[in-house]
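Source: prediction; values computed, not measured. Chain A is the first sequence line, chain B the second, and so forth, proteins listed ahead of strands; every chain is numbered from 1. Below, all heavy atoms of this structure are taken into account, side chains as well, without hydrogens, waters or symmetry copies.
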Amino acid sequence: DTAVSQTPKYLVTQMGNDKSIKCEQNLGHDTMYWYKQDSKKFLKIMFSYNNKELIINETVPNRFSPKSPDKAHLNLHINSLELGDSAVYFCASSQGRKGPYEQYFGPGTRLTVT
Amino acid sequence: AQSVAQPEDQVNVAEGNPLTVKCTYSVSGNPYLFWYVQYPNRGLQFLLKYITGDNLVKGSYGFEAEFNKSQTSFHLKKPSALVSDSALYFCAVRDMGTPLVFGKGTRLSVIA
């Protein structure tokens, strides 16, 4: 069983389009995250949700909008895609948000904007 | 603000030799420290973590890490490297309630 899954794995689209990436975890975790990994492999947190509530919203353009319909799902919608949005996006989850909990990562979604 | 430094972009080691991947950190409170590994086209996998207590932490796949408070370091080690250990390794730090901050990663290449 896949612990943290993301769809799609690859996403190729044109500038100006709107796209969504879905994430699901079956670990029963309370906290979920979205990270962006750029071409140099640098990993930066974008958002964090705890029990469907947004708790971290880093400096991310408001074209990016997360949505958590329940605590097992955290989707990422991106409007008006730009070339600079090309990256690998990782979803992750953890048991909680304040303790020393390790995070479990999904396989990533490679977004290419042309 | 917390930060992590991984001073080496690349570490090369011969198979069977011991390996060390370096990490230093800066955090205002007591640190929670983590090591993750990323294989090509995969997500990050948790290897081990330090919370408190024994300075030597053992993790998955024979890896261990040594916490040194005075040097603010948390180096990843393995006594005998395998070719299959070749991957990208990330050190990460947080304290209570703050987001996890990752280092820039160190690429480990184990040569047969």
Side-chain angles (χ1 to χ4, degrees), chain A residues 2-11 21 23-25 27 29-50 54-60 87-112, chain B residues 1-6 8-10 21 23 25 27 29-54 57-60 63 65 67 74 87-109:
Chain A
T2 303
V4 182
S5 59
Q6 294 178 229
T7 53
K9 190 168 175 62
Y10 300 96
L11 188 51
I21 306 172
C23 177
E24 177 181 3
Q25 56 96 0
L27 297 167
H29 287 168
D30 287 338
T31 308
M32 295 185 72
Y33 312 83
W34 277 109
Y35 287 89
K36 180 179 180 180
Q37 186 175 46
D38 63 22
S39 59
K40 295 185 178 180
K41 304 298 185 183
F42 186 69
L43 201 63
K44 186 168 171 34
I45 190 166
M46 300 172 69
F47 301 103
S48 175
Y49 269 73
N50 189 66
L54 180 66
I55 53 170
I56 293 174
N57 184 352
E58 293 294 308
T59 308
V60 175
V88 181
Y89 293 85
F90 288 102
C91 177
S93 72
S94 65
Q95 189 176 339
R97 66 181 182 102
K98 286 195 171 183
Y101 304 113
E102 61 269 26
Q103 296 181 13
Y104 293 81
F105 284 76
T109 296
R110 183 175 296 275
L111 172 64
T112 303
Chain B
Q2 59 210 39
S3 64
V4 176
Q6 293 182 242
E8 302 152 317
D9 290 337
Q10 173 99 26
V21 183
C23 171
Y25 67 91
V27 68
N30 291 321
Y32 300 140
L33 291 152
F34 302 82
W35 275 102
Y36 289 83
V37 59
Q38 185 178 25
Y39 297 100
N41 300 314
R42 302 283 296 274
L44 278 69
Q45 294 178 35
F46 168 74
L47 279 179
L48 50 81
K49 66 182 175 184
Y50 172 82
I51 306 172
T52 185
D54 195 348
V57 179
K58 293 188 184 296
S60 306
F63 284 93
F67 172 68
F74 189 56
L88 187 58
Y89 289 81
F90 290 94
C91 181
V93 68
R94 62 174 299 187
D95 61 17
M96 180 72 77
T98 61
L100 194 60
V101 173
F102 286 86
K104 63 179 175 60
T106 297
R107 190 164 299 281
L108 172 68
S109 181

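Residues A/K9 and B/N41 come closest through the heavy atom pair NZ-O, 3.7 Å. Closest heavy-atom contact between A/E102 and B/F46: CB-CD1, 3.4 Å. Taking every heavy atom of both residues into account, A/Q37 and B/F90 meet most closely at NE2-CZ, 3.6 Å. Between B/R94 and A/G99, the closest heavy-atom pair is NH1-O, 3.3 Å.
Among A/Y104, A/F42, A/Y101, A/Y33, the residue with the largest count of heavy-atom pairs under 4.5 Å with chain B is A/Y101.
Side-chain atoms of A/K41 never come within 3.5 Å of backbone atoms of B/G105 as a donor-acceptor pair (strictly under, hydrogens ignored).
For a residue to count as touching a neighbouring chain, one of its non-hydrogen atoms must lie under 4.5 Å from one of that chain's; by this rule A/L43 touches chain B with backbone and side chain alike. The part of B/R42 that comes within reach of chain A is its backbone (N, CA, C, O), which places non-hydrogen atoms under 4.5 angstrom from that chain. With a threshold of 4.5 angstrom between heavy atoms, A/K44 does not approach chain B through any atom at all. The part of A/Y35 that comes within reach of chain B is its side chain, from C-beta onward, which places non-hydrogen atoms under 4.5 angstrom from that chain. Looking at B/L44, the atoms closer than 4.5 Å to chain A (heavy atoms on both sides) sit in the backbone and in the side chain alike. In this structure, no portion of B/L33 lies under 4.5 Å from any heavy atom of chain A.
Residue-environment remark: CG (A/N57) exceeds the threshold of 12 foreign heavy atoms within 6.0 Å.
For the atom pair NZ of A/K98 and OG1 of B/T98, the computed distance is 10.5 Å after rounding to the nearest 0.5 Å.
With sequence neighbours excluded, the residues that form a ring pair (Phe, Tyr, Trp, His ring centres under 6.0 Å) with B/F67 are B/Y50.
By a heavy-atom distance cut of under 4.5 Å, A/F105, A/G106, A/P107, A/R110 are the residues of residues 105-112 of chain A near chain B, going up by number.
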Under the side-chain contact (heavy atoms from CB on, under 4.5 Å) rule, what do B/Q38 and A/F90 come out as? Steps first, then yes or no, please.
-> CA-CA 12 Å; B/Q38 185 178 25; A/F90 288 102; 3.3 Å; yes
